[in-house]
Amino acid sequence: MHRKEIDFRQPAILIAGGLLVAFIIYSHLCSKAVLRGYYTIGVILNNLELTPEDLEVVQLVIKRKVDQINEQGGIEGRELRVKYLDDRGSTQVARQVVEETVEDERMIGYVGCWSSTRADAVSEVVGPARVPFIGGYALTTLFEDYPTMFTAELGIKDVAARFDLLLKKYKRPAFIGKTGDLYTIALLERMRELEKEDPSVRVVLEKWYPATHTFTAAEHDTLSSLLAREEADFLLLSFESGITSALLSRIRQAGIGIPVFTALGDLGFVVSQAEGGLAGELYDLNVVGIPGTLNLRMQEQIPSFMDGASPGGALEVQLNFGARLADSIGILAEAARSGEGAAGEGIRERINTGLERYRDGGRIYRGWFDDWHFTEDRAIAGDVLLAWKPPTLARHILAPEQYMRLNDTLQEVPVLFTHLDMVEINRVSDIEGSFYATFYLELTSTGRVALQQIDFTNAARSETSHQPLLDIKPVRVKEPDGEPPLYSYMYKVSGKFLFEPDLKSYPFDKQKFSIHFQPASATQPFLVQPSTTALNDSVFGIKGWHYSGQYVGYDHDIVSFVNTFTDERHTLPYYKFSYTFVLARARADFFLKVLVPLLVILVVTYFSVFIPLLRFETLEAIQVTSLLASIALYFSAYKPEMEYATISDKIFIFTYIMITSLIGTSILQFVKSKKHDTESKVAKIYQRYIFPALIVLFTLLIVS
């Protein structure tokens, strides 16, 4: 009897292929750091100031930062986790939640706790235990004995200096605040000090209420009557954002229109929560960023947070708040790596050693939100900006009077209220990374503005003179009377600008075309307050592109330098501003010149599978010709020369694979034509049913 020989070639090929795939997967997995064990950082928040929507955004930002840290190896090879602790706005609860977790050896630090009073209660636990802590308090003098406590807020010394400048405009200030809050007490003391220094100033009203107090309608009427009777011209209102918004709405309804300073309440939250838009004129210090602008550093690091959402409003505040907490976590993680001098003393002491190196600009942490370093009193270094919500605006902006610390002195800097009206964007070059733009730029300020003060940093420059390739013509100059006088200038600017194209999604990409500008000299800084994007024109000349959106952004760098003769390190703040237009590339040209011809080639190739195998030479000739035609189309079509594959490249690669698969299955059917085995049947099913299904699915995916 004849024995059928077993063919081991196909199983061997399958086994070899499986081993190769397993090796590739194993190599990919082993390329990532293996984290053993974990550490925890406590994030102290409260449900009084943050709504569930606020918490969702904040936790999303923090999660992204923690994931990034873990992808980079975690902390000392251990996974980093966060534990959210709700202090409910209470000093007792804040201390309790810390006492319940501080004994855990895996708890390596705390961030958050946005209150000097609650931070003071927490300090009695974390201070003696030398637990790393980055809080949100301004009264740094309370924590001088606890060197492991830092704050992401500006110190009271800088805040009080700027608050004094604001108070000097008023003669009859009033006060309504939360009992026992230390920051509130400090601000009231500044009002009392000014009262002693200037006999013409008198605090006409002082009212204290517990944090849990519920205001009645009668109390609202009483407070409004007292403010009116005493002829108060300024009100210091110091409660959390929710209470501030409710109380403010009742005062405004009673006809009290005096300026209000929101001490404990965040101005962004107060404006968004005020009932019926009854906010009136408001002030706030230490505003997070510049109102109405997006933090460009956040846009670069976490652009996905803005998908499907409009810039500004509550989302802007939520992202900024979340990014500050995320940066605080990032500093603790980096401090653990930089604190090698305390090796053997435990992870907490290594973090403490690392944090000390960020004082006085010794080290600078490049965070998502900002560049971070701390002052001598362990408060974050930065500028105390004064936010102002005019009575006629529904949003807050920078006040015209701003001060920055230059050469260790507080100096007034101009604010340029700007509006950019784009006229045309054309001659976009993906290869050069350049475009031409024409726009009108309007500048308004309380002082005269010289165009030489502004440097358009992304303007293309002459190869000989290195001057910007711009044509700037004055259109209008207004110098009206008034107190203070407002100087208004309008310029028409035309020229060539540079941008950084991201072509991974070409031709379905969106590009950011920006007009960057900054002070021409770091010693003559200015701040920019843009108009709301709702007033910006979205209809302008953009041949080959479609308008998608626009925003105004800023970036705040810390320039660090060293005095070689004294080995002292100094820092210099530097603001940069940007008007950015997001444009989507028009797809009609690609569809007509590339996608449609490729679909025709694929359809013709598909019809070839119905040719009988007796005409195998004709069948293969059509399929091979289709493959060569698609390759020729690739070389004739426009494509940006990049180091990575674009979507256009992937479409061609998909086409090559699909046509090659037909060639291979046709050969397989021809070889097996007389055996009628399973392989031949599977090849035929693939050609007639699976192949067209894949083409249709891929086409729908591309078109959508």
Side-chain angles (χ1 to χ4, degrees), residues 40-63 65 82-102 107 109-126 131 133-139 142-143 149-153 177-185 209-215 237-248 262-274 284 286 288 314-315 317-329 369:
T40 306
I41 291 178
V43 180
I44 305 175
L45 301 172
N46 72 78
N47 57 11
L48 289 182
E49 290 187 304
L50 300 176
T51 64
E53 293 77 15
D54 298 333
L55 285 171
E56 182 180 359
V57 176
V58 169
Q59 291 177 3
L60 175 62
V61 178
I62 291 176
K63 182 180 183 302
K65 172 59 71 173
V82 295
K83 184 179 183 65
Y84 291 99
L85 307 173
D86 185 2
D87 63 23
R88 303 174 195 169
S90 165
T91 55
Q92 293 82 4
V93 176
R95 176 166 180 159
Q96 178 183 347
V97 296
V98 172
E99 286 178 335
E100 292 173 352
T101 56
V102 72
M107 180 66 70
Y110 296 91
V111 300
C113 194
W114 242 256
S115 163
S116 294
T117 304
R118 296 195 296 274
D120 185 48
V122 168
S123 70
E124 298 174 1
V125 180
V126 300
V131 180
F133 181 90
I134 300 180
Y137 55 84
L139 298 181
L142 298 175
F143 309 96
M149 296 189 66
F150 292 74
T151 175
E153 287 283 350
K178 185 172 74 170
T179 303
D181 183 76
L182 300 178
Y183 180 67
T184 303
I185 294 172
Y209 294 93
T212 56
H213 183 73
T214 301
F215 288 90
L237 187 58
S238 191
F239 291 97
E240 277 76 15
S241 301
I243 299 176
T244 298
S245 301
L247 187 56
L248 184 64
T262 60
L264 291 179
D266 183 280
L267 184 54
F269 283 123
V270 171
V271 172
S272 64
Q273 295 174 6
D284 187 17
N286 195 20
V288 180
L315 181 63
V317 178
Q318 294 162 350
L319 288 173
N320 287 336
F321 185 71
R324 283 199 291 173
L325 288 171
D327 279 353
S328 299
I329 294 172
F369 179 75

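Being a predicted model, the structure only gives us computed values, none of them experimental.
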Inset, instruction - First locate atom CD of Gln59, then atom CG of Asp54, and finally report the distance between them rounded to the nearest 0.5 Å. - result: 11.0 Å

Legend entry - Under 3.5 Å donor-acceptor, Ser241 side chain and Val270 backbone: no

Inset, instruction - Sequence neighbours left out, what passes side chain to side chain donor-acceptor pair (under 3.5 Å) with Glu56? Give chain and number order. - result: none

Inset, instruction - Please confirm whether Trp114 and Phe321 have ring centers closer than 6.0 angstrom. - result: yes

Inset, instruction - With Tyr84 as reference, evaluate Leu55, Ile44, Ile62 under the side chain to side chain contact (heavy atoms under 4.5 Å, CB included) test and give the passing residue. - result: Ile62

Legend entry - ring-ring contact (aromatic ring centres under 6.0 Å, His included) partners for Tyr183, two or more places apart: none

Inset, instruction - Side-chain contact test, heavy atoms from C-beta onward, threshold under 4.5 Å: evaluate it for Cys113 versus Phe133 and give yes or no. - result: yes

Inset, instruction - Identify the two heavy atoms, one from Arg324 and one from Ala152, that lie closest to each other, and give their separation to 0.1 Å. - result: NH1-O, 4.0 Å

Inset, instruction - Using side chain to side chain donor-acceptor pair (under 3.5 Å) as the criterion, list what pairs up with Thr101, not counting sequence neighbours. - result: Tyr110

Inset, instruction - With sequence neighbours excluded, tell me which residues meet salt bridge (Lys or Arg N to Asp or Glu O under 4.0 Å) with Lys178. - result: Glu240

Legend entry - Results of side chain to side chain donor-acceptor pair (under 3.5 Å) for Ser90 - residues two or more places apart only: Gln92

Inset, instruction - Evaluate side chain to side chain contact (heavy atoms under 4.5 Å, CB included) for Leu325 paired with Val61, printing each intermediate quantity in order. - result: CA-CA 9 Å; Leu325 288 171; Val61 178; over 6 Å; no

Legend entry - Listed partners of Ile41 passing side chain to side chain contact (heavy atoms under 4.5 Å, CB included), at least two apart: Leu80, Ile108, Val111, Ile329, Leu332

Legend entry - side chain to side chain contact (heavy atoms under 4.5 Å, CB included) against Val97, all qualifying residues, sequence neighbours excluded: Leu85, Val93

Inset, instruction - Evaluate the side-chain proximity of Val43 to Val58: yes if any heavy-atom separation is below 4.5 Å, no if none is. - result: no

Inset, instruction - With the side chain counted from C-beta on, respond yes when Met107 and Thr40 share a heavy-atom pair under 4.5 Å apart, and no when they do not. - result: yes

Legend entry - Lys83: partners by salt bridge (Lys or Arg N to Asp or Glu O under 4.0 Å), with sequence neighbours left out: none

Inset, instruction - Measure the CD1-NE2 distance between Ile243 and His213 for me, rounded to the nearest 0.5 Å. - result: 9.5 Å

Legend entry - For Ser115, side chain to side chain contact (heavy atoms under 4.5 Å, CB included) partners two or more places apart: Thr117, Arg118, Asp181

Legend entry - Closest non-hydrogen atom pair, Ser238 against Thr184: OG-OG1, 2.5 Å

Inset, instruction - Report the C-alpha distance between Asn46 and Asp86 in whole Å, list the side-chain angles of each, state the deciding distance to 0.1 Å, and finish with yes or no for side chain to side chain contact (heavy atoms under 4.5 Å, CB included). - result: CA-CA 5 Å; Asn46 72 78; Asp86 185 2; 3.9 Å; yes

Inset, instruction - For residues Phe143 and Tyr137, establish whether the separation of their ring centroids is below 6.0 Å. - result: yes

Legend entry - salt bridge (Lys or Arg N to Asp or Glu O under 4.0 Å) against Glu99, all qualifying residues, sequence neighbours excluded: Arg95

Legend entry - For Leu142, side chain to side chain contact (heavy atoms under 4.5 Å, CB included) partners two or more places apart: Asp120, Leu139, Leu182

